[in-house]
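Residue numbering restarts at 1 for every chain, and letters A, B, ... go by the order of the sequence lines.
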There are 2 protein chains.
Amino acid sequence: MKPTIYDIARLSGVSTATVSHVLNNTGRVRATTQEKVLRVINELEYQRDTTASALAGKNSYSIGFLVPDVNNLYFAEILRGVEDEAFQCGYSILICNTDHDQEKERTYLKMLRNKRMDGIIIATGSTPSAVIEDLARDNIHVTVLSREIPDTSIATVTVDNYLGGYMAAQHLAALRHRHIGFITEPLTIGSSRDRLRGFETALCDEAPQTRMYLSNDSGFGIQTGTRIATELITKHPVSAIFAANDQLAVGAIQACRQLGKRVPEDISIIGFDDTVLAKIVHPPLTTIAQPMYELGKRAASLTVTSIETGRQALEGVILKPELVVRESTGMFESERTDAR
Amino acid sequence: MKPTIYDIARLSGVSTATVSHVLNNTGRVRATTQEKVLRVINELEYQRDTTASALAGKNSYSIGFLVPDVNNLYFAEILRGVEDEAFQCGYSILICNTDHDQEKERTYLKMLRNKRMDGIIIATGSTPSAVIEDLARDNIHVTVLSREIPDTSIATVTVDNYLGGYMAAQHLAALRHRHIGFITEPLTIGSSRDRLRGFETALCDEAPQTRMYLSNDSGFGIQTGTRIATELITKHPVSAIFAANDQLAVGAIQACRQLGKRVPEDISIIGFDDTVLAKIVHPPLTTIAQPMYELGKRAASLTVTSIETGRQALEGVILKPELVVRESTGMFESERTDAR
DNA sequence: TTGAAAGCGGTACCAC
DNA sequence: GTGGTACCGCTTTCAA
């Protein structure tokens, strides 16, 4: 059986209080005593039981990570960043796949509370801030990841989605596209709205004569991308499409293939995120890159800081996106469109 | 503050023992008492504190998942299966990215013990079975995922890697390839060895005159695939390449592109796993599909069964791989090779 | 400097 | 049926 502090105490002839003191470097313990205790600790390969320690009021060294779906390149990479940083700091990550399901989210949140998580990183789109405040009341430090900064002051790590949308539009406008389709994620999600706003603003700023086409449909996956792109292309004279994430963009490329349109000659496509998909797909995807790993790391780091300083961080970290030009976008050539 | 059983006991005028009984449906509690207690529980929205419960000797309802890297499509999908099943059963998953690093693995294992995990799913390549037995001694139920069945009896979920390798060779042999390159993951990993054995055996069985070329180099990622494929193609007259995972295969395709070889006209490429990469890459990849999600689910399910029955499952689940033919493999045409 | 003891929130044995 | 109470393993106050 794993040794306990009682074993350590007995074998080194001191009380558990003293053992605890040397374990935590708290209180004044005579050097010789300390040494004696440490020797026994090493001898028995003693390791503090985190569960007991947590129950007694200390950290559980665990952080919950609420995420729509880890089996999604975007979130998988964020998760990697989160976990790496957490591991560095001595914390572990408990994953919660919500599938954008409010009910699952609530269930997970309860679980996390009952398991005494020290902190929670929320990367799902739409947790009401009331929930977040509840968590704070239970002394669980919350960090919101990858969506717009909510009203309530709370630790937030996000990419500048507005700017990202802006850059995408700028790129397309510079290539002289004047009829652009926009494939969005559900606009209930803050980041989606920001991307759209940025996109529209850039269009106004740089090429006010441009028309943008937005489907009522929205979603996340490749299939959705194909569906919406098909709708956009058949209903409107678009020569370019912005897809709010790489998966949607890949779907759009597939739609083009199905419809016999060449990318980028007939239709330019630009994505968002820069997951591996963007490099693998054919043609390689021009996209707005997000520093996903970094987002994860920063979120974890902020959370740990909150936990260890004992007060909820209020910082808002906003990272910059970056335009990565590959081969899926090209200059608009009018004669092609006429041939349409 | 969250209510405790003491609060419930006080407000419903009974002892904590009784509250515990109604919570656990253990012991005989008078119906009226039960009702009274339940009412208070609902009123206060009481929820059992898992940490305290675990310390008192019950389950922690947490399972550790040791995996090389969740930011890898193959493992991400397995993780999804693991988490879904665990969630269904009321357990949560703690992730541990080992990066094939023995040191990290040891550190994680300690962490998991100290956090009183009920079970651990090990999807990394090479945990010595001694470690596994240690875990068992601490009453932690272990399931090994996705590698060969070790000597010691232990719960194992795996795909038939031998068969997978066999099928890949069969496919290539049927296409009349007689000079085949083999890109492997490190052969320290059991599943890699099995794939290689299966591959070689099929070649013997079906086309003994075939030559196989194996590099000393090995690895996991796209870059590695490109590197090894380049070596294979420049040093040997290969007309086909088997890559032990889809990433390596994608790398191989990129190598072909760089070397001016067409896939599949000049070189056929077959992968392993069938991650999304296989569908996205150009040309779409012929590959040996693994039921990754299912693997994860089964592993979680076995683990939970072990935990809840109290005795380590010894079952060995072996799922079948499947050949998925896409466009990266084709019939060998001798005249092409002559032109080489 | 050290130790006795009262928790933390549950569980479960044993007596009534 | 129900309740008293001794743990689980560690932390921390308070007194010595």
Side-chain angles (χ1 to χ4, degrees), chain A residues 1-38 40-41 44-62 110-111 113-118 138-140 310, chain B residues 1-38 40-41 44-62 110 113-118 138-139 310:
Chain A
M1 292 301 102
K2 266 177 43 178
T4 71
I5 39 170
Y6 289 98
D7 300 319
I8 306 299
R10 190 162 30 78
L11 267 70
S12 47
V14 301
S15 74
T16 62
T18 302
V19 175
S20 181
H21 273 139
V22 344
L23 281 174
N24 299 298
N25 281 313
T26 165
R28 317 104 304 197
V29 182
R30 193 189 300 147
T32 59
T33 313
Q34 163 131 340
E35 217 171 302
K36 195 171 47 180
V37 173
L38 283 177
V40 178
I41 286 181
L44 273 62
E45 299 188 337
Y46 168 83
Q47 309 223 128
R48 179 202 273 101
D49 184 311
T50 316
T51 304
S53 173
L55 181 59
K58 308 283 278 199
N59 291 347
S60 64
Y61 292 99
S62 300
K110 279 185 206 153
M111 239 186 196
R113 254 178 26 139
N114 298 334
K115 289 189 176 165
R116 300 197 171 214
M117 294 290 113
D118 295 329
D138 276 311
N139 194 34
I140 298 183
Chain B
M1 295 299 104
K2 265 178 43 181
T4 71
I5 39 167
Y6 291 97
D7 299 319
I8 305 301
R10 191 163 30 77
L11 269 69
S12 45
V14 300
S15 75
T16 62
T18 303
V19 175
S20 182
H21 274 139
V22 345
L23 281 173
N24 298 300
N25 281 314
T26 166
R28 319 100 308 195
V29 182
R30 192 189 299 148
T32 60
T33 312
Q34 162 132 340
E35 217 172 303
K36 197 171 49 179
V37 173
L38 283 177
V40 178
I41 285 181
L44 272 61
E45 299 187 338
Y46 168 84
Q47 311 223 125
R48 177 203 274 100
D49 184 311
T50 316
T51 303
S53 174
L55 182 57
K58 309 283 279 197
N59 292 348
S60 64
Y61 292 99
S62 300
K110 280 185 205 153
R113 255 177 26 137
N114 299 333
K115 289 190 176 166
R116 301 197 170 216
M117 295 291 112
D118 295 329
D138 275 311
N139 194 34

Please give the angle, rounded to 10 degrees, between the axes at the start and the end of the helix from dT1(C)-dA16(D) to dC16(C)-dG1(D), where five pairs define each axis. 40°
Determine the contact category for Val19(A): base if any of its heavy atoms lies under 4.0 Å from a base atom, sugar-phosphate if only primed atoms, P, OP1 or OP2 are that close, otherwise nothing. nothing
Tightest non-hydrogen contact, residues Ser15(B) and Ala9(B), listed as C-CB, 3.8 Å
Answer whether the closest heavy-atom distance between the side chains of His21(B) and Val37(B) falls below 4.5 Å. no
Measure from the side-chain N and O atoms of Lys115(B) to the backbone N and O of Tyr61(A), and report whether any donor-acceptor pair falls under 3.5 Å. yes
What is the distance, rounded to the nearest whole Å, between atom CG of Leu23(A) and atom P of dC10(D)? 8 Å
Partner of Tyr46(B) by side chain to side chain contact (heavy atoms under 4.5 Å, CB included), out of Leu11(B), Val19(B), Leu23(B), Val40(B): Leu23(B)
Taking for each residue the nucleotide of DNA chain C with the nearest heavy atom, is it Tyr46(B) or Arg28(B) whose nucleotide lies nearer the 5' end? Tyr46(B)
Any Thr18(B) side-chain nitrogen or oxygen under 4.0 Å from OP1 or OP2 of dG3(D): yes
Whichever of Gly57(B) and Asn24(A) has the more 5' nearest nucleotide on DNA chain D, that residue is Gly57(B)
Tell me what Gln47(B) touches on the nucleic acid: a base, only sugar-phosphate, or nothing, going by heavy atoms under 4.0 Å. sugar-phosphate
How far apart are the C-alpha atoms of Arg48(B) and Asn24(B), what are their side-chain angles, what is the distance that settles it, and do they pass the side chain to side chain contact (heavy atoms under 4.5 Å, CB included) test? CA-CA 10 Å; Arg48(B) 177 203 274 100; Asn24(B) 298 300; 2.5 Å; yes
Quick check on DNA chain D: between His21(A) and Ala52(A), whose nearest nucleotide comes earlier from the 5' end? Ala52(A)
Evaluate Ile41(A) against Val22(A) for side chain to side chain contact (heavy atoms under 4.5 Å, CB included), listing each step before the verdict. CA-CA 10 Å; Ile41(A) 286 181; Val22(A) 344; 4.3 Å; yes
Think Thr33(B) has a side-chain N or O under 4.0 angstrom from the OP1 or OP2 of dT2(D)? yes
Rounding to 0.5 Å, atoms CG (Asn139(A)) and CG (Asn59(A)) come to a distance of 9.0 Å
What I'd like to find out is whether the side chain of Asp49(B) reaches to under 4.5 Å of the side chain of Thr4(B), using heavy atoms alone. no
Rounded to whole Å, the CG-P distance (Asp49(A) to dC10(D)) equals 5 Å
What parts of residues 1-12 of chain A reach DNA chain D, counting only heavy atoms under 4.0 Å away? Thr4(A), Ile5(A), Tyr6(A)
What is the distance, rounded to the nearest whole Å, between atom CZ of Arg48(A) and atom C1' of dT12(D)? 13 Å
Nearest heavy-atom contact between Lys2(B) and Asp7(B) is O-OD2, 4.3 Å
Would you kindly give the CG-to-C1' distance between Leu55(A) and dT12(D), to the nearest whole Å? 14 Å
Tell me: NZ of Lys115(B) to P of dG9(D), nearest whole Å? 18 Å
Testing the basics here: between Ala54(A) and Thr51(B), what is the closest heavy-atom pair and its distance to 0.1 Å? CB-CG2, 4.3 Å
Nt span of DNA chain C in reach of chain B heavy atoms at under 4.0 Å, 5' end first, is dG9(C) to dA12(C)
When every non-hydrogen atom of Ser60(A) is compared with those of Thr50(A), the smallest separation belongs to O-CG2, 3.4 Å
Below the 4.0 Å mark, does dT11(D) have OP1 or OP2 next to a side-chain nitrogen or oxygen of Ser53(A)? yes
Distance (rounded to the nearest 0.5 Å) between Ile5(A) CD1 and Ser12(A) OG: 11.0 Å
